[in-house]
Amino acid sequence: NFYTDLHDDQKKDAINIRRLSDYAKENGSRFLFAVTPMKTALEENQYAGIPYNDFGKAADDVIRYMRYYGVDHLDLRETIRDSGLTYEETFYRTDHHWKTAAAFEAYAALAEWIRDNGAEDLFRNGETTDKASYEIRQYEDLMFGSQGRDAGLIYADGKEDFEAYFPLEDSVYSVKVGNVDEYTVREGRFSDAILRDHLEEAIDNVYEDSCYDLMFLHGLSDYLSITNLENEEGIKVLMLRDSYASPLGSYLAQNCGQLDMIYMLGNDRDKILDMIRENDYDYVIMCIYPENLSLDNLQLFEDVEYE
């Protein structure tokens, strides 16, 4: 993308997030805003004079306003910087999404925030945030993301490796997929209902199938509701998200009685507000990629006043 501006006033974005935070609190939910890292070209690989799409400044502005307006927030970019992961360990070569190692660090930070803000008994001795509690599966030469598909297999220097974390202590889940009014249901263990147990068999055409899209939650959907059938009394969480939050939601489902996920980009705003009002969530979490921080995605109310 040869543009570097969302053409929005980030103060307006922040006011809309604050309005949503107030609405969540009015309906008995704790609210958290989280921003993810964004893959941009390394400076040494950039050509002079070309406006690479980097919306880090917009994210910086929104985070500053979150502090000003008193909204609970997590800057997951800082989480990744503090983790010590390199650029190559954080992002795929052929895709804009983050690798599982980086997403898992962000999940651990999100879990810690929830645990420290009213859910001290949520996590079993922190084991769900410990990599030692997972089988780390490696899929060699299988990942080919959207940036690779745009460039072509040869120019992108071929496919790359992919890995995913499968919990050693599993539970049974019921997953509703589709939209709020019409959905299908699948049921099974984490290793199949939430992640995809036999990933290699799902890849049919590298120009159509991405390991990231197929592995986490079996793909992107407008609405997803995950019930942990072995922890139904656990907390209820609504995550307002884009595709970057797919691995976060996958691993967070272990710690919830119910986790609902709504794809924010272009979704029905009234339905999102109805869900918050009607479902008695313990937490409402908005997790957004910097490039998606725009009024088109964040303005859920018609009566927001800008001052």
Side-chain angles (χ1 to χ4, degrees), residues 1-26 29-43 46 49-82 87 90-91 96-98 102-103 105-106 109-110 113 117 238-246 248-249 261-273 276 283-307:
N1 294 331
F2 291 94
Y3 59 91
T4 58
D5 193 345
L6 291 167
H7 304 293
D8 281 344
D9 180 344
Q10 268 66 66
K11 181 178 180 180
K12 292 183 178 181
D13 293 339
I15 290 174
N16 278 278
I17 297 171
R18 169 57 193 264
R19 177 71 182 90
L20 179 60
S21 174
D22 291 343
Y23 184 81
K25 291 176 182 177
E26 290 165 7
S29 306
R30 187 85 183 242
F31 181 84
L32 175 70
F33 170 78
V35 64
T36 69
M38 178 176 181
K39 182 184 177 184
T40 58
L42 290 170
E43 186 174 352
Q46 295 183 13
I50 294 179
Y52 288 87
N53 59 319
D54 182 354
F55 298 93
K57 182 181 182 302
D60 291 341
D61 290 343
V62 172
I63 288 292
R64 280 192 286 267
Y65 278 118
M66 292 297 94
R67 297 191 189 102
Y68 178 77
Y69 288 121
V71 176
D72 286 337
H73 58 278
L74 272 180
D75 190 341
L76 297 174
R77 300 172 301 169
E78 293 183 356
T79 299
I80 301 306
R81 284 195 291 265
D82 293 344
Y87 179 89
T90 300
F91 300 108
H96 72 286
H97 288 108
W98 48 6
E105 293 288 342
L110 179 59
W113 183 89
N117 287 272
L238 173 65
M239 181 176 284
L240 308 175
R241 57 91 166 220
D242 52 27
S243 62
Y244 241 71
S246 290
L248 293 182
M261 302 181 71
I262 292 289
Y263 187 67
M264 281 205 68
L265 281 58
N267 219 317
D268 189 311
R269 300 173 182 182
D270 289 336
K271 286 187 177 180
I272 293 175
L273 298 179
I276 295 174
Y283 299 90
V284 174
I285 299 170
M286 175 187 287
C287 185
I288 296 293
Y289 187 66
E291 191 171 348
N292 293 327
L293 290 170
S294 68
L295 282 180
D296 287 343
N297 300 322
L298 302 177
Q299 189 168 356
L300 299 179
F301 303 88
E302 300 294 336
D303 58 346
V304 177
E305 295 183 3
Y306 302 110
E307 298 179 354

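None of the values given here were measured: they were computed from a predicted structure.
- The distance from atom CD1 of Ile288 to atom OG of Ser294, rounded to the nearest 0.5 Å, is 9.0 Å.
- Annotation: side chain of Met286 is not in contact with side chain of Ile262 (no heavy-atom distance under 4.5 Å).
- For the pair Val35/Ile63, a side-chain contact is recorded, criterion being any heavy-atom separation below 4.5 Å from C-beta on.
- When every heavy atom of Leu76 is checked against every heavy atom of Pro37, the shortest pair comes out as O-CG, 4.1 Å.
- For Phe55 and Tyr289, the ring centers sit 6.0 Å or farther from each other.
- The number of heavy-atom neighbours closer than 6.0 Å to CD of Glu26, taken from other residues, nucleotides and ligands shown, is above 12.
- Between the CD atom of Glu291 and the CG atom of Asp54 there is a distance of 10.0 Å, given to the nearest 0.5 Å.
- Here the side chains of Gln299 and Arg269 are in contact, with some heavy-atom distance below 4.5 Å.
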Evaluate side-chain contact (heavy atoms from CB on, under 4.5 Å) for Leu273 paired with Leu300, printing each intermediate quantity in order.
CA-CA 8 Å; Leu273 298 179; Leu300 299 179; 4.2 Å; yes

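- Within the cation-pi definition used here (under 6.0 Å to the ring centroid, within 45° of the axis), Arg30 does not qualify as a partner of Tyr283.
- Contact of the Arg241 side chain with the Ser246 side chain is registered, since non-hydrogen atoms from C-beta on lie closer than 4.5 Å.
- In terms of heavy-atom proximity, Ala245 sits nearest to Met261 at O-CE, 3.8 Å.
- With Trp98 as the partner, the ring-ring contact (aromatic ring centres under 6.0 Å, His included) test is satisfied by one option alone out of Tyr244, Tyr87, Phe91: Tyr244.
- One finds the CG atom of Leu74 at 12.0 Å from the OG1 atom of Thr36 (value rounded to the nearest 0.5 Å).
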Under the criterion side-chain contact (heavy atoms from CB on, under 4.5 Å), I'd like the reasoning laid out for Arg67 against His73: C-alpha separation, chi angles, the key distance, then a yes or no.
CA-CA 8 Å; Arg67 297 191 189 102; His73 58 278; 3.6 Å; yes

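- Note that CD1 of Ile276 and NZ of Lys271 are 15.0 Å apart. Values are rounded to the nearest 0.5 Å.
- Note on ring orientation: taking the six-membered ring where Trp is involved, the planes of Tyr69 and Tyr65 are parallel (angle under 30°, cut-offs 30° and 60°).
- Going from atom CG of Asp242 over to atom CG of Asn297 covers 8.5 Å, rounded to the nearest 0.5 Å.
- Considering only heavy atoms from C-beta on, Leu295 comes within 4.5 Å of Lys12 through its side chain.
- Using a cut-off of 4.0 Å between Lys/Arg side-chain N and Asp/Glu carboxylate O, Lys25 and Asp22 are scored as not salt-bridged.
- Residues Leu238 and Leu240 form a side-chain contact, since some pair of their non-hydrogen atoms from C-beta on lies under 4.5 Å apart.
- Nearest heavy atom pair, residue Leu293 against residue Ala59, reads CD1-CA, 3.8 Å.
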Before you tell me yes or no, could you show the steps for Met264 and Asn292 under side-chain contact (heavy atoms from CB on, under 4.5 Å), namely the whole-Å CA-CA distance, both residues' side-chain angles and the distance that decides it to 0.1 Å?
CA-CA 9 Å; Met264 281 205 68; Asn292 293 327; over 6 Å; no

Could you walk me through whether Tyr23 and Phe31 pass the side-chain contact (heavy atoms from CB on, under 4.5 Å) check?
CA-CA 9 Å; Tyr23 184 81; Phe31 181 84; over 6 Å; no

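- Ion pairing between a basic and an acidic side chain is recognised when a charged N comes within 4.0 Å of a carboxylate O; Arg77 and Asp60 show such pairing.
- The two residues Ser243 and His96 come nearest to each other via the heavy atoms OG-NE2, 4.4 Å.
- Annotation: side chain of Phe33 is in contact with side chain of Val62 (closest heavy-atom distance under 4.5 Å).
- With a 4.5 Å cut-off on side-chain heavy atoms, Leu110 and Leu32 count as touching.
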